[in-house]
J.: 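Below is the structure I would like to discuss, written out as structure tokens.
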There are 2 protein chains.
Amino acid sequence: MRYSIQEVAAKTGLSSYTLRYYDKAGLLPFVARNAAGYRIFTDGDLVLLHTIMCLKNTGMAISDIRRYIDDVMAGPTSIEDRKALLTAHRAKVLAKQQALTENLREVDYKLGLYAAPDAVAQVQGELAAARADKAANGLADPYPVV
Amino acid sequence: MRYSIQEVAAKTGLSSYTLRYYDKAGLLPFVARNAAGYRIFTDGDLVLLHTIMCLKNTGMAISDIRRYIDDVMAGPTSIEDRKALLTAHRAKVLAKQQALTENLREVDYKLGLYAAPDAVAQVQGELAAARADKAANGLADPYPVV
DNA sequence: ATAAACCTTAGAGTGTGCTCTAAGGCAAGA
DNA sequence: TCTTGCCTTAGAGCACACTCTAAGGTTTAT
């Protein structure tokens, strides 16, 4: 099957602007053109585009995705570079996942506090502590009077 | 304890530029000033700054963090808004975590392929399939000859 | 008193990833 | 043939989160 840029946009959820931007950035060197210069995507192109979106969705920079695509275009000789690229990327994603989980725990703690039956009392306690901290340092109270 | 902007920068890992940017964006209305206009941070301020970094690290936009800080300044009357804000944020973070995990599985699949003993053969197979896909659609082969 | 090292502000500049506009070519139906 | 609606490009514009510069005031040590 052959697909126009709008069809690919509909299939992937990317805008046609974004697809052209990716092409301009060197991410789509494999996409063919017809006699008029229109892009013609094939199913194989969609598989590669899926990989690109996968890397993008895990936070890889466009410049690094480009390096990966250059590797794919180069064939089997680039396997070592692909491995290095993806291994480094994988480590970054794992670190990000862990940080996300830790930070989310704190958000959950706050949410638990706000959902507690004595939420008002607890929040008032926090506010009192913050005011005491300012007073102990000889600083004005920045919290509006309730 | 009282801390200068540089001391807070060293403690948090944020630059002094970023701290001033956050202040300008309304994220630090609770930070006091001395007679000369210098910012004076207290330990209580660092707790709030930690919360700000926690929200930032989970991908919350500055404008939403500002709304949360406005809530904190307003005291217990804003508990419902804080709950709404954090609940919505939590859902987004969970969705992001899940997407990250799914996309990482595909990266891992690719890595497994490249690490396999027959990696070269598999990559050559992929390349052959991509070339066949182009040929089947009457399109030129974009892959350089090896 | 003066130099060095802080701090302040306003506002300009940067990097990333889009997002859109303008000007024009191509395709298909009335 | 004309209109409508695609497609193309180059390049401008935008949103976000910083990051830095310039000009000037403050603090501290010598």
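Reckoned from all heavy atoms, side chains included, excluding hydrogens, waters and symmetry mates.
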J.: Compare the minimum distances between each of dG25(C), dT19(D), dC7(C) and the side chain of Tyr38(A), then state the nucleotide with the smallest one.
T.: dG25(C)

J.: Among the candidates dG17(C), dA10(D), dT26(D), find the nucleotide nearest to the side-chain atoms of Ala61(A).
T.: dG17(C)

J.: Examine dT9(D): is either OP1 or OP2 under 4.0 Å from a nitrogen or oxygen in the side chain of Arg39(A)? Give yes or no.
T.: yes

J.: How many angstroms lie between CZ in Arg90(B) and CG in Leu104(A), if you round to the nearest 0.5 Å?
T.: 6.0 Å

J.: Tell me whether the side-chain N or O atoms of Tyr22(A) pair up with the base of dG17(C) as donor and acceptor below 3.5 Å, since no angle test is needed here.
T.: no

J.: NA contact type, Ser4(A), heavy-atom cut-off 4.0 Å: base, sugar-phosphate, or nothing?
T.: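 Here Ser4(A) touches the backbone only, sparing every base.
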
J.: Tell me which nucleotide among dG17(C), dT19(C), dA17(D) gets nearest to the side chain of Ile62(B).
T.: dA17(D)

J.: Could you tell me the separation between the CG atom of Asp64(A) and the P atom of dT16(C), rounded to a whole number of Å?
T.: 10 Å

J.: Is the shortest side-chain N to carboxylate O distance from Asp141(B) to Arg131(B) below 4.0 Å?
T.: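 Salt bridge: yes.
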
J.: Arg33(B) has an atom CZ; how far is it from atom P of dG25(D), in whole Å?
T.: 17 Å

J.: State which of dT9(D), dT8(C), dC18(D) makes the closest approach to the side chain of Ile5(B).
T.: dT8(C)

J.: Looking at Lys83(B) and Glu80(B), is there a salt bridge between them, counting it only when a charged N and a carboxylate O are closer than 4.0 Å?
T.: yes

J.: For the side chain of Tyr17(A) and the base of dG17(C), is some donor closer than 3.5 Å to an acceptor across the two?
T.: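 There is none.
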
J.: What is the nucleic acid contact for Ala35(A), judged by heavy atoms within less than 4.0 Å: base, sugar-phosphate only, or nothing?
T.: nothing

J.: Is the shortest side-chain N/O distance from Arg20(B) to OP1 or OP2 of dG11(C) below 4.0 Å?
T.: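 Answer no for this pair, as no side-chain N or O of Arg20(B) is under 4.0 Å from OP1 or OP2.
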
J.: Just N and O in the side chain of Gln6(B): are any of them under 4.0 Å from OP1 or OP2 of dC7(C)?
T.: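 Gln6(B) to dC7(C) OP1/OP2: side-chain N or O found under 4.0 Å.
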
J.: Using heavy-atom distances to pick each residue's nearest nucleotide on DNA chain D, tell me which of Asn34(B) and Ser63(B) is more 5'.
T.: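 Of the two residues, Ser63(B) wins.
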
J.: Could you state the CE-P distance from Met53(B) to dA17(D), rounded to the nearest angstrom?
T.: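 Taking atom P of dA17(D) as the reference, CE of Met53(B) is at 15 Å.
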
J.: Checking contacts here: which listed nucleotide (dG11(C), dT19(D), dT9(C)) is nearest the side-chain heavy atoms of Tyr21(B)?
T.: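 Per side-chain heavy atoms of Tyr21(B), the pick is dT19(D).
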
J.: So does Arg82(B) pair up with Asp71(B), basic N to acidic O under 4.0 Å?
T.: no

J.: Do the non-hydrogen side-chain atoms of Leu86(B) and Tyr68(B) ever get within less than 4.5 Å of each other?
T.: yes

